[in-house]
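Indexing begins at 1, ligand by ligand and atom by atom, following the structure's order. By convention here, the first residue in the shown sequence is residue 1.
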Amino acid sequence: MFKPEFLDTDITYLQGVGPKRAELLNKELSIFTFRDLLYYFPYKYIDRTRFYKITELDPDLPFVQIRGTIKGYSTEGHGTAKRLVADFQDDTGTLKLVWFKGGKWITGSFSPGVEFIVFGKPSVFNGIINIVHPEIEAADKMAERLNSALQAQYSTTEKLKNQFVSSKTISKLIGNMLKQIKIRLPESLPLYLVSRYKLMEIHEALHKIHFPANPDELEKARYRLKFEELFYIQLNLLRYKTNRNIKLSGFVFSSVGDNFNNFYYNNLPFTLTDAQKRVVKEIRKDLGSGKQMNRLLQGDVGSGKTLVALMSMLIAIDNGYQACIMAPTEILANQHYQTIVKLLEGIDIKIRLLTGSSKKSSRKSISESLLDSSLNILIGTHALLEENVQFANLGLVIIDEQHRFGVAQRARLWQKNLNPPHILVMTATPIPRTLAMTLYGDLDVSVIDELPPGRVPIKTMHFTDSERNKVFGFIRNQIAEHRQVYIVYPLIKESETMDYKDLEDGWDTISRVFPAPLYCISIVHGKMTPANKEMSMKLFKDGVAHILIATTVIEVGVDIPNATVMIIESAERFGLSQLHQLRGRVGRGADQSYCILMSSDKLSREAAKRIEVMIRTNDGFEIAETDLQLRGPGDIEGTLQSGIPFDLKIADLVKDVQLIEYVRHIAEDILNLDPLLENSQNLIFISELKRLFSQRQSWSNIS
Ligand code: ADP
Ligand code: MG
């Protein structure tokens, strides 16, 4: 009687749920339907075939179970420390079970002398093993329930726990649901894939992932579900790519004309690196191919991506089209504007800057000049995405350092035009391969794997707060040699007052140690008006200010070659890729540059590891891989650096690298044979893709 839509049933109607619990599940775990609950996978399993003896216990063990009896109860402690304690013994020894609440119910339920199975995390108190708030079950009852040796553990929240929705409750609810499902759950992959790749069928996998009988079964279920999850992500990305190639013809930029040549032979301030040349060639080929370009340009900080962007824009202009660059911050947009204006000196190309703080009047004239085609290059922030920004003939869009700008956001850009412009995405934050494949998996990739010549590798050092005077001496010497210094303070959220206190204290100290008029210090942070920010940046850029005190607003892209010292305060609070980005602000000229990581004396193991990696290597890709390993994708999610725009339910971007590549090839093969997914056996892909990806336009906030 159950049709496939059964899984779309509102969770309220599941036995044991009801409106109040449903609301909790909605809010806390985003579980709205039967399907959501079924796909709420355990985060770990506990082997309940193993029993420990009390003498074997030590506090380093995870959850354990012990068989024994309660000798008697007592109450210990006073006030909030008041607790109910039971002496629990087996044939090897005694431990204490401890409860801080629920006294009467407990003494009433678990009588002394009866055999129980106790389950919990051992700890030590006053030299005796304790288990606080254990799970307890009568030994005979447990034996009959135990059809699944590996017990699934589900993450819950404080709120859920307070409302008595524990991991065990969730397990029960899923059990109820599976009992109610009388049909075989319909396959979500074509049968030919299931059999070719020897996958467990979805019906079985969804049962076994929650109630595995043994590790082998569990492994097969997990593999099937991971395969499917990663496969559909790749199929989705690759389908975008295929569809674009089939349906969209791109503007043909057939010639390289006067502007390009004029720039190349007269204005180019240095020779291009071989890597830059190669990449420009790749882009030129795309632009002339008749297909829409969608290319990712990866290159470590300081590898010279801006020049490549500019030369690509010149090709667009030579062919009668407009171009734009979108940057993540006003500071960066500003800098691009200034750099490009300067690079194009003497060449008749019109460039304008559009940001959130552009005045109404200048917006108006920008709009007009965009529409009458007199404006060639528009540089800006997300202000470019606003609806009223309309181009007459936008031919090329460059997206710089926007790590959350996934496939859906890029698609939105096309709407600026009748025909889709060519798109070049540039990123320095070195993203690990798996993340790149997942976020930018629909793009062709170019890599600048070479830094401009003459760069001296940055020296990275670590000092603790107690060595501050040494660091001040070092700064003094560098300034005496006409170098400039960044000092960066952590700012996790722009609104956190505590962070501003760090910044202000820092400012106080620095301006005391480096007093005016001998020294000039400028400052930028997120709370300043854009105009003030710009003024401060200009002071530093023009070499007037010796020291720039800043928050991470300068993290990305800022290019001031004469600045050779980057001091990062409370370095232990930064993530690795952020540290690497910040360090990338120096080492941009021919002089020896330094990155000084300041931290407190005490460091967590992870922070110490991050600092160690920074000192050891300048290689952005190595840093990215370490970063991913240290943090795990769970933490990476939602952070600026990575921007993976959706949750993975079961796959793991660190551990499943090979599987990602494997399923990507499978998806490629399928699309090669059936680009539009029209074969009857492939129709299932269309409905699955729609279900999985259509409602997720809100994936990532672009901000
Ligand atoms: P990123 O790739 O981090 O965006 P930029 O484009 O800001 O790097 O370039 C970093 C610095 O290197 C700039 O000061 C730029 O002028 C300089 N640069 C770029 N290409 C070359 C080159 N071929 N030779 C020498 N310097 C270069
Ligand atoms: Mg850049």
Side-chain angles (χ1 to χ4, degrees), residues 263-265 267-281 283 295-314 324-345 379-381 398-403 405 424-431 445-458 483-484 486 537 540-543 552-564 566 577-591 593 595 618-621 623-624 640-641:
F263 172 77
Y264 192 80
Y265 293 109
N267 283 33
L268 192 61
F270 18 63
T271 32
L272 296 180
T273 62
D274 287 343
Q276 282 170 320
K277 281 185 198 153
R278 187 188 66 237
V279 166
V280 170
K281 245 190 220 148
I283 292 171
R295 191 167 279 280
L296 172 67
L297 175 55
Q298 267 189 313
D300 210 340
V301 283
S303 61
K305 293 184 292 295
T306 316
L307 262 186
V308 174
L310 175 58
M311 292 170 70
S312 313
M313 291 198 291
L314 293 175
C324 68
I325 300 189
M326 192 168 78
T329 63
E330 291 205 5
I331 287 179
L332 195 51
N334 246 308
Q335 174 184 291
H336 278 326
Y337 177 74
Q338 282 159 19
T339 308
I340 287 172
V341 166
K342 201 156 156 224
L343 283 167
L344 293 181
E345 231 161 54
I379 297 171
T381 54
I398 293 171
I399 300 170
D400 190 22
E401 307 282 7
Q402 314 257 355
H403 307 299
F405 218 68
L424 182 66
V425 177
M426 305 199 296
T427 175
T429 300
I431 31 180
V445 180
S446 291
V447 181
I448 305 186
D449 50 5
E450 179 186 0
L451 292 179
R455 295 273 173 86
V456 190
I458 303 165
R483 304 282 169 258
Q484 292 168 279
Y486 294 99
M537 286 303 291
F540 193 64
K541 186 154 196 156
D542 293 347
T552 47
V553 289
I554 61 142
E555 177 185 330
V556 181
V558 169
D559 181 41
I560 299 172
N562 192 51
T564 55
M566 165 61 67
S577 41
Q578 229 179 349
L579 290 173
H580 181 66
Q581 264 289 352
L582 284 168
R583 178 168 62 184
R585 298 312 107 220
V586 296
R588 305 192 140 237
D591 301 303
S593 286
C595 173
N618 278 310
D619 179 343
F621 288 91
I623 287 172
L640 181 81
Q641 296 91 329

Is there side-chain contact between Thr306 and Gln335, with heavy atoms separated by less than 4.5 Å? no

Student check: side-chain heavy atoms of Leu344 and Leu310 closer than 4.5 Å: yes

For Thr329, the side chain to side chain contact (heavy atoms under 4.5 Å, CB included) test, sequence neighbours excluded, returns Ile331, Leu332

Within the side chain of Asn267, is there an N or O that forms a donor-acceptor pair under 3.5 Å with the backbone of Leu343? yes

Does the side chain of Thr273 reach to within under 4.5 Å of the side chain of Leu451, using non-hydrogen atoms? no

When you measure from the side chain of Arg585 to the backbone of Val558, do you find a donor-acceptor pair of N or O atoms at a distance under 3.5 Å? yes

Ligand 1: protein N/O within less than 3.5 Å of ligand N/O:
| from | atom 1 | to | atom 2 | distance (Å) |
| --- | --- | --- | --- | --- |
| ligand 1 | 2 (O) | Ser303 | N | 3.4 |
| ligand 1 | 2 (O) | Gly304 | N | 3.1 |
| ligand 1 | 2 (O) | Lys305 | N | 3.0 |
| ligand 1 | 2 (O) | Lys305 | NZ | 2.7 |
| ligand 1 | 3 (O) | Gly302 | N | 2.7 |
| ligand 1 | 3 (O) | Arg588 | NH2 | 3.1 |
| ligand 1 | 6 (O) | Lys305 | N | 3.3 |
| ligand 1 | 6 (O) | Thr306 | N | 3.0 |
| ligand 1 | 6 (O) | Thr306 | OG1 | 2.6 |
| ligand 1 | 7 (O) | Arg588 | NH1 | 3.1 |
| ligand 1 | 8 (O) | Gly304 | N | 3.3 |
| ligand 1 | 12 (O) | Arg455 | NH2 | 2.6 |
| ligand 1 | 14 (O) | Asp559 | OD1 | 3.2 |
| ligand 1 | 14 (O) | Asp559 | OD2 | 2.8 |
| ligand 1 | 20 (N) | Gln276 | NE2 | 3.0 |
| ligand 1 | 23 (N) | Thr271 | O | 2.9 |
| ligand 1 | 23 (N) | Gln276 | OE1 | 2.8 |

